[in-house]
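Letters go in sequence order (proteins before strands), and every chain restarts at 1.
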2 protein chains.
Amino acid sequence: MAREMLRQGGRSARIQAEVHRTVQDLLKTMDRSEITVPMIAERAGVTPSTIYRRWGDLSELLADVAVARMRPIADPDDTGALASDMEAFVVQYAEEMSSRVGRAMLVDVVGSVQSGAAAQCCQYTYHHLETLRERAVARGETPFDVEEAIDRVMAPIVYHILFGDRELSPDYCRTLVRGFFAVSVYE
Amino acid sequence: MAREMLRQGGRSARIQAEVHRTVQDLLKTMDRSEITVPMIAERAGVTPSTIYRRWGDLSELLADVAVARMRPIADPDDTGALASDMEAFVVQYAEEMSSRVGRAMLVDVVGSVQSGAAAQCCQYTYHHLETLRERAVARGETPFDVEEAIDRVMAPIVYHILFGDRELSPDYCRTLVRGFFAVSVYE
DNA sequence: ACCTTAACGCAAATTTTTAGCGTTAGCGGG
DNA sequence: CCCGCTAACGCTAAAAATTTGCGTTAAGGT
């Protein structure tokens with residue numbers, strides 16, 4: 001997530017927004033491996049050195065853009081019950097992330113050792129699951145352990161996306177969720 | 001894994017071995033982000049163009065080296081019982097892969113879209129687990145589902161390594177293994 | 001309104017990557 | 001065992017990307 005900006009407004013913010021938008025546009029058209037910093041700079045109307053100084057290199061920039069895209073814009077859908085809430089959330093997550101660009105985003109985020117992009121990314125999913133949990137509690141349903149949900153449901157999905165060793169059908173996702181609720185094996 | 005070599009012996013093989021060895025040496029000394037192709041080429045005694053032509057770019061080369069390093073040299077230890085076999089295997093895997101270079105290897109492998117490095121990598125772990133399963137069957141123990149083991153045990157470990165959101169203590173690994181054997185939730 | 005300095009643009013210097021071309025040597029056939 | 005074919009390499013020049021120095025612009029505080 002780049003570094004914390006000391007100056008958050010004005011020109012600096014405009015450039016960040018423009019560069020982000022340009023990268024997202026390019027990702028629609030071409031493959032991640034074809035994108036270069038000078039290419040982004042030209043389309044965004046900035047000089048390459050600005051990008052290098054601010055983000056360090058291409059992979060950091062891509063990771064920054066990825067976490068920004070993954071930032072939740074809304075809470076998960078409320079379907080009325082915990083099981084269906086989580087099912088919907090997980091299926092949608094798998095669908096988005098198993099796409100060509102989705103996988104690339106995960107790889108970029110995970111590849112960003114610095115800048116805490118990886119940490120930020122899994123904070124987002126943690127937060128979503130926490131929302132589902134609180135919602136369940138408010139409904140009077142028996143809650144669940146968020147960390148266990150990550151291990152039992154999210155982790156397998158991410159694993160298969162990254163290693164590409166298995167198709168991620170909605171059915172498979174639902175099986176994971178049902179297995180999770182069927183029995184808790186922690187503690 | 002580069003591309004299939006049409007010529008597998010002689011000079012070509014020597015160069016591959018020398019480049020691999022050089023990369024591994026460099027990874028001990030410096031960070032992955034500081035390594036460059038010309039740097040590798042010089043130390044390995046080859047011209048950079050050779051590396052570019054053969055591996056394409058740095059990330060492909062690093063992924064190639066990573067899978068080569070991850071190639072199993074021996075079967076997992078035989079401790080006499082399935083549960084302890086898997087415990088030992090998983091704890092060792094977590095230890096190796098959560099290290100600085102181990103994590104970098106995973107990232108490189110996962111980042112290598114082409115070349116099937118990712119597929120090869122998870123084939124290795126699949127094979128190891130399959131070995132444990134066959135061994136268990138031979139002993140007359142109740143076998144287990146390898147894919148379920150990947151989902152329930154390996155996936156969480158890889159997830160936490162890549163996102164760095166949790167310490168991977170041996171205790172945590174053992175909890176995963178015990179939870180896996182305590183109950184099967186598939187099918 | 002003024003001051004400080006983070007962040008930028010520009011351009012030169014450096015490094016990395018690509019591409020052309022001649023040479024070396026692995027491997028199969030005679 | 002020797003020969004021919006060509007994959008793979010080395011070398012070099014050109015192209016592209018990255019780094020760096022320095023002057024300029026404009027946030028954000030006083």
**Asked** Does the distance from a Lys or Arg side-chain N to an Asp or Glu carboxylate O, for Asp151(B) and Arg152(A), drop under 4.0 Å?
**Response** no
**Complete:** Per-nt protein contacts along nucleotides 24-30 of chain D (heavy atom under 4.0 Å; B base, S backbone sugar-phosphate only, - none) come out as -BBBS--
**Complete:** Rounded to whole Å, the CH2-C1' distance (Trp55(A) to dA7(C)) equals 11 Å
**Request:** Compute the ring centroids of His128(B) and Tyr93(B), then answer whether they are less than 6.0 Å apart.
**Result:** no
**Prompt:** How close do Ala118(B) and Phe163(A) get, heavy atom to heavy atom, and via which atoms?
**Reply:** O-CD2, 3.5 Å
**Prompt:** Contacts to DNA chain C from residues 34-50 of chain B, heavy-atom cutoff under 4.0 Å, which residues?
**Reply:** Thr36(B), Val37(B), Pro38(B), Ser49(B)
**Item:** In one Ile/Leu/Val/Met/Phe/Trp/Tyr side-chain cluster, 4.5 Å: Met30(A), Val23(A)
**Value:** yes
**Request:** Take the protein atom CG of Asp57(B) and the nucleotide atom P of dA17(D), then report the distance between them rounded to whole Å.
**Result:** 14 Å
**Salt-bridge present (Arg139(B), Asp78(B); N to O < 4.0 Å)** = yes
**Message:** Tell me the interatomic distance from Leu58(A), atom CG, to dA16(D), atom C1', rounded to whole angstroms.
**Reply:** 14 Å
**Asked** For Thr50(B), which residues count as a side chain to side chain contact (heavy atoms under 4.5 Å, CB included) partner, sequence neighbours excluded?
**Response** Ile15(B), Thr47(B)
**Message:** Using a strict threshold of under 4.0 Å (side-chain N to carboxylate O), is an ion pair present between Arg133(B) and Asp145(B)?
**Reply:** no
**Request:** Take atom CD1 of Ile15(B) and atom P of dA7(D), then tell me their distance rounded to the nearest Å.
**Result:** 16 Å
**Asked** Thinking salt bridges, do Arg135(A) and Glu141(A) make one under a 4.0 Å N-O criterion?
**Response** no
**Length of the line joining Arg53(A):CZ and dG9(C):P, which is rounded to integer Å** = 10 Å
**Asked** Any side-chain N or O of Arg54(A) under 4.0 Å from OP1/OP2 of dC8(C)?
**Response** yes
